[in-house]
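Here is how names work: the chains are called A, B, and so on, in the same order as the sequence lines, proteins then strands, and each is numbered from 1.
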Number of protein chains: 2
Amino acid sequence: MPASSIRARVRAEMIDEIKAVARRHLASDGADLSLRAVARDMGMVSSAIYRYFPSRDDLLTALIIEAYQALGDAVEAADAAVDRADLRGRWHAVCRAARTWALAHPAEYALLYGSPVPGYAAPVDTVLPAQRPPLTLLGILRDGVAAGRITPPDDDLPEPVRADLAEIAAGLFPGLPEALLARGMAGWTQLFGLISFDLFGRLDPVVPHRDAYFDHQTALMADLVGLP
Amino acid sequence: MPASSIRARVRAEMIDEIKAVARRHLASDGADLSLRAVARDMGMVSSAIYRYFPSRDDLLTALIIEAYQALGDAVEAADAAVDRADLRGRWHAVCRAARTWALAHPAEYALLYGSPVPGYAAPVDTVLPAQRPPLTLLGILRDGVAAGRITPPDDDLPEPVRADLAEIAAGLFPGLPEALLARGMAGWTQLFGLISFDLFGRLDPVVPHRDAYFDHQTALMADLVGLP
DNA sequence: CAAAATAGAGAGCACTGCTCTTGACTCCGG
DNA sequence: CCGGAGTCAAGAGCAGTGCTCTCTATTTTG
């Protein structure tokens, strides 16, 4: 077995190195990752890469999953670092962590939340990691309701919307009122609109003080969801 | 002059046809537009295209500008079709028009609001057309304040944010209070987060009733900006 | 009517993802 | 311990890409 596992170990290291090099290329050259360039950087010929990843899309998928995990880690760590009772502080911490990670890894962020690559369909493996960030953000609301520190709004929801949200709540946030979930999703949506606008240069000409603007915008949504 | 203008006319028609074919390719094949494919569809050789567009990026820029104009037209028409005093009706009309246009032209929407193409920087010509949609949406707030039908919130803004917003208001929305502008931009941001999530498949598994969800989400932001 | 400008074709360069074959190396069971 | 099996990297090659350059018609213009 040790003989076999030394091969397996080398192979695993190889895969890790390919991913690392690919991530570096992603960061410097943008989203159009070139397999051949990665191979060149590793002193291999391009066809050798196919021993480890059956196609370029599979490499991209691996990078996407790792990026989701990295973002999820960053967001959850930020949340965990704040006193559980300080709901507003947690909200801001999560939002800021997401933006900070995005600014530090723009190409990977674009991979996750930018326009989908034409021929590429995200495989199922990405679904769970993709849920971690919103789970963390909306988990704050769940905690707030459970602690009686958020009074759920009494928005009247159209029946189909209420049903959809009830389904989501049942699966992911048991006990979270539908109307509050709706507001939370508005905050979640606005957060990624904000980050995208920021990252994709849409605020460049008009908003010089990006950090303060971001905080104020997320504070508006914190108000909307009723954080004390 | 007529002799010269017949050539100019043919040339203009040629440019239009190239753009039309390119738009068709964009719609069917996604964002990775191939010059050679466009040339093939027109019965030309690829190098002939370069008589009309100096590079692929210039073709893309032309398409982007036209797309902004089309979105701007759709949004402004939707706004104009509603009674000026019906602020909330106008808000919903504008939001729906933006989403409807995006759903009808997903590839062009991705070109405008998706991740930026790596080597490509949007030229200045795109700035003005790009401003039309947010101008329309936030114009509703300006009208509401002017008519005394919106009472501006008294959020306290950090000084740098207030200054940035004052600058924007001075240039584009004279008389619009900074705090209200901030909330309006939150609505604008959330709108495009919503559309992006919808279009890029992020809501696929969780929200079956997309239309109703969209209306409710934009209604939340209408509340936030204080529409009666 | 000749000169100048323009349109299109064709070849070619450097690049891409991907496949297939070929030769070398490592591992494992008899 | 040694021979078959599995694994790995290399190289050639295919079809595609954006783009440039040259050459030949055609049209416009002085």
Side-chain angles (χ1 to χ4, degrees), chain A residues 1-19 21-22 24-26 28-64 107 111 116-121 123, chain B residues 1-19 21-22 24-26 28-64 107 111 116-121 123:
Chain A
M1 164 158 334
S4 137
S5 67
I6 167 177
R7 249 221 186 156
R9 214 187 36 134
V10 168
R11 184 179 174 82
E13 279 173 12
M14 219 40 181
I15 289 181
D16 278 355
E17 194 181 337
I18 292 177
K19 287 197 280 194
V21 172
R24 234 169 43 219
H25 267 84
L26 220 52
S28 65
D29 293 4
D32 48 356
L33 181 68
S34 156
L35 259 184
R36 289 179 117 110
V38 172
R40 260 195 306 273
D41 258 32
M42 300 196 50
M44 305 172 95
V45 101
S46 73
S47 59
I49 300 277
Y50 287 85
R51 294 271 160 202
Y52 302 93
F53 293 93
S55 80
R56 199 193 78 128
D57 280 1
D58 290 86
L59 213 195
L60 274 182
T61 299
L63 294 178
I64 287 176
L111 224 54
V117 183
Y120 177 80
Chain B
M1 163 163 331
S4 136
S5 67
I6 167 178
R7 251 227 181 149
R9 213 187 37 135
V10 168
R11 184 178 175 82
E13 280 171 10
M14 215 49 179
I15 290 182
D16 279 355
E17 194 181 337
I18 292 176
K19 286 197 281 194
V21 171
R24 234 170 42 218
H25 267 85
L26 220 52
S28 65
D29 293 5
D32 48 356
L33 181 68
S34 158
L35 260 184
R36 289 179 118 110
V38 171
R40 262 195 304 273
D41 258 32
M42 301 196 49
M44 303 171 95
V45 100
S46 73
S47 60
I49 299 277
Y50 287 84
R51 296 271 164 204
Y52 302 93
F53 293 93
S55 80
R56 199 193 78 127
D57 281 0
D58 290 86
L59 212 196
L60 274 183
T61 300
L63 294 177
I64 286 175
L111 224 54
V117 183
Y120 176 81

Q | Whole angstrom value for the distance that separates P of D:dT17 from CG of B:Leu60 | A | 15 Å
Q.
Tell me the interatomic distance from A:His25, atom NE2, to C:dT16, atom C1', rounded to whole angstroms.
A. 13 Å
Q | For atom CD1 of A:Ile15 and atom P of D:dT7, their distance in whole Å | A | 13 Å
Q) How about A:Ser55 and A:Asp58: does a side-chain donor come under 3.5 Å of a side-chain acceptor? A) yes
Q.
Just the rounded figure in Å: distance from P of D:dT17 to CG of B:Asp57.
A. 16 Å
(Q) Once you apply a heavy-atom cut-off of 4.0 Å, does A:Met42 come out as touching a base, just sugar-phosphate, or nothing? (A) nothing
(Q) Can you measure A:Arg36 atom CZ to C:dA14 atom P for me and round it to whole angstrom units? (A) 14 Å
Q.
Is it the case that the side chain of B:Arg56 and the backbone of B:Leu33 share a donor-acceptor pair, with hydrogens and angles ignored and the cut-off at 3.5 Å?
A. yes
Q. Rounded to whole angstroms, how far apart are CG on A:Leu33 and C1' on C:dC18?
A. 15 Å
**Q.** Which residue lies more 5' along DNA chain C, comparing B:Arg51 with A:Ser47 via nearest heavy atoms
**A.** B:Arg51
(Q) Using a 4.0 Å heavy-atom cut-off, does A:Tyr52 contact any base of the nucleic acid, only the sugar-phosphate backbone, or nothing at all? (A) sugar-phosphate
Q: Answer with base, sugar-phosphate or nothing: what part of the nucleic acid does B:Ile49 contact at a heavy-atom distance below 4.0 Å?
A: nothing
Q: Taking only the side-chain heavy atoms of B:Leu35 (C-beta and beyond), determine which of C:dG10, D:dC19, D:dA9 contains the nearest atom.
A: D:dC19
Q) When you check the phosphate oxygens OP1 and OP2 of C:dA7, does a side-chain N or O of B:Arg11 lie under 4.0 Å from one of them? A) yes
Q: In whole angstrom, give the distance that lies between atom CE of A:Met14 and atom C1' of D:dA10.
A: 13 Å
Q) Taking only side-chain nitrogens and oxygens of B:Ser34, does any of them come within less than 4.0 Å of OP1 or OP2 of D:dG18? A) yes
Q) When we call it a touch if two heavy atoms are under 4.0 Å apart, what does A:Ser46 touch: a base, just sugar-phosphate, or nothing? A) base
Q.
Could you tell me if the side chain of B:Ile15 sits less than 4.5 Å from the side chain of B:Phe53, heavy atoms only?
A. yes
**Q.** Nearest heavy atoms of B:Val38 and B:Ala22, plus distance in Å
**A.** CG2-CA, 4.0 Å
(Q) Under 4.0 Å, counting only non-hydrogen atoms across every strand here, what does A:Leu59 touch: a base, just sugar-phosphate, or nothing? (A) nothing
(Q) Distance check needed: C:dT21 C1' versus A:Tyr50 OH, whole Å only. (A) 16 Å
Q | Separation between CD1 of B:Ile49 and CD1 of B:Ile18, rounded to the nearest 0.5 Å | A | 4.0 Å
